[in-house]
Amino acid sequence: MAFTGNATCDSFKLGCFTGQFDFDADTLYIALYTNAATLDESTTAYTTTGEVVAAGYTAGGEVLTPTTAVVENNVAYISFQNVSWTGAFTARGALIYKPGANGAICVLDFGTDKTSTTTFTVQFPVASSTSAIIRID
């Protein structure tokens, strides 16, 4: 296992400067992973290695809807609407990504394995300059 905590991917940081990401136009996804996945800030793209395999979960994950990007207290931030899957399975973390090369945006480490028996929900923190999932300051 190589989750190293929540991390903004290096490919996303560079992609911000090259115009690779457009949160208003791009279709973004969130994929769930088991403890067998190797995901950290150096992850560059979606991978099936270590991805959850279970009834109710489709490889590649679900479409993720960004909230409005905001600048507050000199911090630009964006968060996402919560996303859910119906089914019983276990996940250790997730990857937010845009399909294609260098499309990895951020790795989410749940800290421990999380198990659902009916519905698995990734609940994002309140969107603010101190708690949004992606912040640039």
Side-chain angles (χ1 to χ4, degrees):
M1 192 291 291
F3 279 95
T4 57
N6 297 322
T8 302
C9 297
D10 294 340
S11 58
F12 174 69
K13 294 173 188 175
L14 183 59
C16 286
F17 290 112
T18 62
Q20 180 177 346
F21 296 95
D22 181 345
F23 283 88
D24 289 329
D26 293 340
T27 300
L28 305 177
Y29 293 85
I30 182 170
L32 298 177
Y33 291 87
T34 67
N35 199 33
T38 299
L39 300 171
D40 59 21
E41 67 277 348
S42 66
T43 299
T44 58
Y46 163 75
T47 178
T48 59
T49 304
E51 190 173 12
V52 166
V53 176
Y57 182 84
T58 302
E62 293 290 327
V63 172
L64 195 56
T65 304
T67 59
T68 304
V70 176
V71 175
E72 174 183 289
N73 300 324
N74 293 323
V75 177
Y77 63 87
I78 191 164
S79 193
F80 302 92
Q81 293 180 2
N82 297 340
V83 64
S84 297
W85 293 262
T86 301
F89 53 87
T90 298
R92 169 55 195 259
L95 176 68
I96 297 174
Y97 71 97
K98 172 184 170 180
N102 297 314
I105 296 172
C106 72
V107 172
L108 305 177
D109 180 353
F110 299 157
T112 61
D113 284 348
K114 302 296 182 185
T115 301
S116 72
T117 56
T118 57
T119 303
F120 192 101
T121 301
V122 174
Q123 183 175 359
F124 289 94
V126 173
S128 75
S129 62
T130 58
S131 63
I133 201 73
I134 298 174
R135 298 182 305 272
I136 300 172
D137 57 358

Legend entry - Contacts of type side-chain hydrogen bond (donor to acceptor under 3.5 Å, both in side chains), residue Thr49, not counting sequence neighbours: Thr47
Inset, instruction - Please answer whether the main-chain N or O of Asn6 pairs with a side-chain N or O of Asp109 as donor and acceptor at a distance below 3.5 Å. - result: no
Legend entry - Exercise: identify the closest heavy-atom pair between Thr67 and Ala127: OG1-CB, 4.5 Å
Inset, instruction - Using modelled atom types only, decide if a donor and an acceptor are shared between the side chain of Arg92 and the backbone of Lys114 within a distance under 3.5 Å. - result: no
Legend entry - Distance, nearest 0.5 Å, that separates OG1 of Thr8 from CD1 of Ile136: 8.0 Å
Inset, instruction - Flag yes if more than 12 heavy atoms outside Asp22 fall under 6.0 Å of its CG atom; otherwise flag no. - result: yes
Inset, instruction - Could you tell me whether a side-chain N or O of Ser131 sits under 3.5 Å from a main-chain N or O of Val126, the two making a donor and an acceptor? - result: yes
Inset, instruction - Please report the closest heavy-atom contact between Gln20 and Lys98, naming both atoms and the distance. - result: O-NZ, 2.5 Å
Inset, instruction - State yes or no: do Val71 and Phe17 share one hydrophobic cluster built from I, L, V, M, F, W and Y residues joined by side-chain heavy-atom distances below 4.5 Å, directly or via other members? - result: no
Inset, instruction - Linking directly or through intermediates, with side-chain heavy atoms under 4.5 Å: list the remaining ILVMFWY members grouped with Phe110, chain and number order. - result: Phe12, Phe21, Phe23, Leu28, Ile30, Leu32, Val52, Tyr57, Leu64, Ile78, Phe80, Val83, Trp85, Phe89, Ile96, Ile105, Leu108, Phe120, Val122, Phe124, Ile133, Ile134
Inset, instruction - Report the C-alpha distance between Cys9 and Val107 in whole Å, list the side-chain angles of each, state the deciding distance to 0.1 Å, and finish with yes or no for side chain to side chain contact (heavy atoms under 4.5 Å, CB included). - result: CA-CA 7 Å; Cys9 297; Val107 172; 4.0 Å; yes
Inset, instruction - Return yes if some donor-acceptor pair links the side-chain N/O of Thr34 with the main-chain N/O of Gly50 below 3.5 Å, else return no. - result: yes
Legend entry - Approximate separation, where rounding is to 0.5 Å, of Gln123 CD and Asn82 CG: 5.0 Å
Inset, instruction - State whether the side chain of Glu51 and the backbone N or O of Gly60 hold a donor-acceptor pair below 3.5 Å, judged by distance alone. - result: yes
Legend entry - Gap between atom CZ of Arg135 and atom OG of Ser79 - 0.5 Å precision: 10.0 Å
Legend entry - Expected output: side-chain Ser116 to main-chain Gly87 donor-acceptor under 3.5 Å: yes
Inset, instruction - Please confirm whether the backbone N or O of Ala104 pairs with a side-chain atom of Ser11, one donor and one acceptor, at under 3.5 Å? - result: yes
Legend entry - Nearest atoms (heavy-atom pairs only) where Pro99 meets Tyr29: CG-CE1, 3.5 Å
